[in-house]
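Order of the sequence lines fixes the chain letters, A, B, ..., with proteins taken first and strands second; residue numbering starts at 1 for each chain.
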There are 2 protein chains.
Amino acid sequence: MGEGRRPPGGKPVSITAVAERAGVGLGSVSRVLTGKGSVSPEMLRRVREAAESLGYQPNLLARGLRSRATNTIGFVISDITNPLLAAIVGGAEAVLSEAGYSVLLTNSGGRPEVDAQRIGLLLRRQVDGLIVLPASEGDPGTIAALAGAGVPVVAIDRELPGVPEASVVLSDHYTGILAATRHLFETGHRRVALVAGPDMRPARERLRAYSDAHARAGVPPFGFTFGPLSPARGAEAVGELLRAAEPPTAIILGGNQLLEGAIEAAQGSGVAIGRDLALVCCDDIPLGRLHRPPIPTVMRDTDGMGRSAARAFLARIAGETPPAEVMATWFDSRADQDRVGAGSG
Amino acid sequence: MGEGRRPPGGKPVSITAVAERAGVGLGSVSRVLTGKGSVSPEMLRRVREAAESLGYQPNLLARGLRSRATNTIGFVISDITNPLLAAIVGGAEAVLSEAGYSVLLTNSGGRPEVDAQRIGLLLRRQVDGLIVLPASEGDPGTIAALAGAGVPVVAIDRELPGVPEASVVLSDHYTGILAATRHLFETGHRRVALVAGPDMRPARERLRAYSDAHARAGVPPFGFTFGPLSPARGAEAVGELLRAAEPPTAIILGGNQLLEGAIEAAQGSGVAIGRDLALVCCDDIPLGRLHRPPIPTVMRDTDGMGRSAARAFLARIAGETPPAEVMATWFDSRADQDRVGAGSG
DNA sequence: GCGCTAGCTGGAAACGTTTCCAAAACGCGC
DNA sequence: GCGCGTTTTGGAAACGTTTCCAGCTAGCGC
């Protein structure tokens with residue numbers, strides 16, 4: 001009966017209205033509704049009944065204002081249209097909503113200044129904490145906003161100088177790329193290029209692995225580039241590499257968004273991926289998995305990263321200071337999928 | 001100098017502190033900061049200066065509580081990992097943030113009961129309106145929550161019986177599928193199947209177009225199925241169709257998530273897409289665009305849909321009642337891309 | 001110089017909640 | 001029946017803002 005609804009024309013039902021209806025004091029209603037403090041069974045019954053019959057819904061603004069806790073966490077993400085980042089958000093949300101937190105998600109579209117602005121907005125909204133995967137590691141506005149946050153901050157896959165109090169959840173990009181590069185050497189490649197993302201931790205770790213693998217194998221590195229993680233950049237970089245006098249025989253792509261452009265460029269050049277050119281991608285996406293032959297990939301558990309970030313936040317709220325967490329990546333040459341693709345139906 | 005930061009150890013800076021510092025009254029500070037009411041140039045200067053030097057940041061909870069407007073809109077989306085829906089969100093956010101609104105995004109993971117719960121949460125948070133793309137058209141909890149919202153509601157691609165006051169932005173799925181089906185007939189197909197999404201407006205419109213096209217061409221419909229929009233469902237449905245005694249020669253997929261599974265199933269059955277089996281997909285994704293041969297697709301402007309939904313909300317806020325908007329879809333056989341793919345590089 | 005108006009200004013009230021404190025009620029032992 | 005400690009209760013204060021209203025000031029016409 002009217003449950004959850006505010007009366008059609010009337011004003012929203014307040015705690016005062018519930019108190020009146022139940023014939024009790026404001027304090028008692030609050031105690032019943034929040035479950036804090038002790039109340040008699042009779043009181044419990046009367047207040048619950050009144051609240052239900054009026055369709056009372058607490059005003060979270062007022063609650064947050066008074067209690068200084070909104071049970072809300074701000075999630076700052078650089079590009080919501082990237083399914084990988086979306087998966088991280090999904091994992092975090094699962095853990096957080098179980099713990100009674102709701103998530104305020106903002107999307108900066110890859111512009112650092114928007115990141116900074118959104119962080120400010122979330123803080124003015126009194127979020128209890130922030131989980132950030134910003135577009136930049138060094139943007140002064142973003143750093144300043146995070147450093148002055150005054151609430152727990154968890155950064156995913158970013159090193160934020162100037163925000164030492166932030167907890168971090170990192171991917172071990174090194175191991176995955178090391179294995180991938182070695183695999184390329186083992187299958188005979190000697191001219192291996194790396195198209196990396198922007199100059200931030202993930203790209204630097206991948207570059208380090210790329211360099212180390214070359215050094216250990218005694219193969220001179222072909223070359224690498226930093227750049228934005230976009231299909232356009234993938235097309236541009238791979239196009240350039242293929243047009244070179246002596247093009248690479250293998251290209252490692254430091255991000256799933258590059259794959260789309262890379263395939264496009266290869267198709268445009270009449271180069272057959274997997275035969276004329278070996279491609280290695282980072283992060284599992286259908287485009288790579290379903291390509292024939294499948295595109296070998298450095299994998300990681302995105303859902304798990306989101307969950308870890310959420311748990312780090314919860315730990316921080318509980319007063320602990322969780323250590324930096326480094327999560328595994330692994331290389332999947334996808335040789336088995338090859339067989340499946342060629343198998344019987 | 002301390003801009004945007006709250007003092008390291010101290011309490012957050014309130015409007016009272018600014019008033020004190022500037023040596024003026026509270027009301028004046030509020031007038032300066034909100035820009036409402038008139039103030040002398042001297043007052044403007046003093047308050048601005050004080051606010052700046054203290055690094056004042058308004059508390060949006062308090063502001064919302066008192067003024068009953070949060071300049072915030074709730075966006076309820078069923079599956080954030082779908083890049084298409086993410087694009088709609090992106091388009092809406094662009095328009096809304098320009099108009100001074102910020103977006104609270106929630107993700108239900110496709111579960112209607114979560115949708116309903118999140119809508120309630122947003123309303124208790126006093127959002128000024130809702131834009132919804134829920135997992136279900138008929139879920140009683142969702143309907144009830146929306147019907148009692150008390151704020152403007154804009155629904156995207158959904159018909160919500162019981163929420164007559166909602167504005168709607170729809171896709172004209174009919175036209176696109178009609179053209180696609182005709183194209184299949186023209187290229188000689190006579191056994192065309194339709195794998196549709198859940199029984200909601202988009203799937204029903206597609207089915208109507210599919211049926212009409214068949215009726216007009218005098219071709220008996222091969223058959224259709226409703227079902228969830230997931231890769232798994234795509235694989236299952238296409239697998240079943242291919243195993244039939246007399247399988248279809250063409251399959252229309254009513255959603256991009258189905259394509260992944262469809263390709264997988266076809267590969268598993270040793271069926272060559274584009275030769276043994278024609279596939280038509282809905283909504284442009286890299287997986288279809290970069291497939292060789294490219295997979296013909298019913299396109300639409302997702303960014304534009306988000307923008308339209310945002311504009312409908314802004315109109316509602318301004319007191320207008322925008323009519324239902326129906327946005328175009330069009331069929332792209334992608335014949336030209338074929339040529340590009342085979343061209344010189 | 002006076003009265004009137006219009007623009008500014010200060011501060012109280014209000015928004016809906018939680019928190020705190022004092023008072024009331026209760027239970028229990030003797 | 002009384003005293004004491006404990007639980008339960010009601011309501012004032014507080015959270016940080018906007019809104020409202022009354023009062024002040026300055027300007028201006030006469």
Return the value, rounded to whole Å, for the distance between atom [atom1] of [X] and atom [atom2] of [N].
{"X": "B/L44", "N": "C/dC8", "atom1": "CG", "atom2": "P", "answer": "11 Å"}
{"X": "B/K36", "N": "D/dT17", "atom1": "NZ", "atom2": "C1'", "answer": "12 Å"}
{"X": "A/R125", "N": "D/dC15", "atom1": "CZ", "atom2": "C1'", "answer": "18 Å"}
{"X": "A/E42", "N": "C/dA25", "atom1": "CD", "atom2": "P", "answer": "16 Å"}
{"X": "B/E20", "N": "C/dG11", "atom1": "CD", "atom2": "P", "answer": "11 Å"}
{"X": "A/N71", "N": "C/dT17", "atom1": "CG", "atom2": "C1'", "answer": "14 Å"}

B/L60 vs A/L26, nearer the 5' end of DNA chain D by closest nucleotide: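 With B/L60 and A/L26 compared, the 5'-side residue is A/L26.
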Among [options], the one nearest [X] by side-chain distance:
{"X": "B/S40", "options": "C/dT17, C/dT9, D/dT17", "answer": "C/dT9"}
{"X": "B/S38", "options": "D/dT8, C/dG7, D/dT18", "answer": "C/dG7"}
{"X": "B/R66", "options": "C/dT18, D/dG16, D/dT9", "answer": "D/dG16"}
{"X": "B/R31", "options": "C/dT19, C/dG11, C/dT17", "answer": "C/dG11"}
{"X": "A/N59", "options": "C/dG16, D/dT18, C/dG7", "answer": "C/dG16"}
{"X": "A/I15", "options": "D/dG16, C/dT18, D/dT17", "answer": "C/dT18"}
{"X": "A/S14", "options": "C/dG11, C/dT17, D/dG10", "answer": "C/dT17"}

B/I80 vs B/L105 side-chain heavy atoms within contact, under 4.5 Å: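 Yes; the side chains approach each other to less than 4.5 Å.
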Which residue lies more 5' along DNA chain C, comparing B/S67 with B/M43 via nearest heavy atoms: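 Its nearest nucleotide being more 5', the pick is B/M43.
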5′-ward residue of the pair B/L65/B/G23 relative to DNA chain C: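 Mapping each residue to its closest nucleotide by heavy atoms, the 5'-most match is B/G23.
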Side chain A/R63 and base C/dT17 donor-acceptor under 3.5 Å: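 Between C/dT17 and A/R63, which were checked side chain against base, a qualifying N/O pair under 3.5 Å is absent.
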[X] side-chain N/O to [Y] backbone N/O, donor-acceptor pair under 3.5 Å:
{"X": "B/R124", "Y": "A/P58", "value": "no"}
{"X": "B/S28", "Y": "B/V24", "value": "no"}
{"X": "A/E137", "Y": "A/R201", "value": "yes"}

Under-4.0 Å side-chain N/O to phosphate OP1/OP2 contact, A/S28 with D/dT9: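 It does not, given that no N or O in the side chain of A/S28 lies less than 4.0 Å from OP1 or OP2 of D/dT9.
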Sugar-phosphate only, base, or nothing, as touched by A/R68 at under 4.0 Å among non-hydrogen atoms: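 Sugar-phosphate: the residue A/R68, judged by heavy atoms under 4.0 Å, touches backbone atoms but no base.
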Sugar-phosphate only, base, or nothing, as touched by B/S30 at under 4.0 Å among non-hydrogen atoms: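 Here B/S30 touches the bases of the nucleic acid.
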Test applied, side-chain hydrogen bond (donor to acceptor under 3.5 Å, both in side chains); reference residue, B/S108; option that passes from B/T142, B/D79, B/D115: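 Per the side-chain hydrogen bond (donor to acceptor under 3.5 Å, both in side chains) rule, the option paired with B/S108 is B/D115, out of B/T142, B/D79, B/D115.
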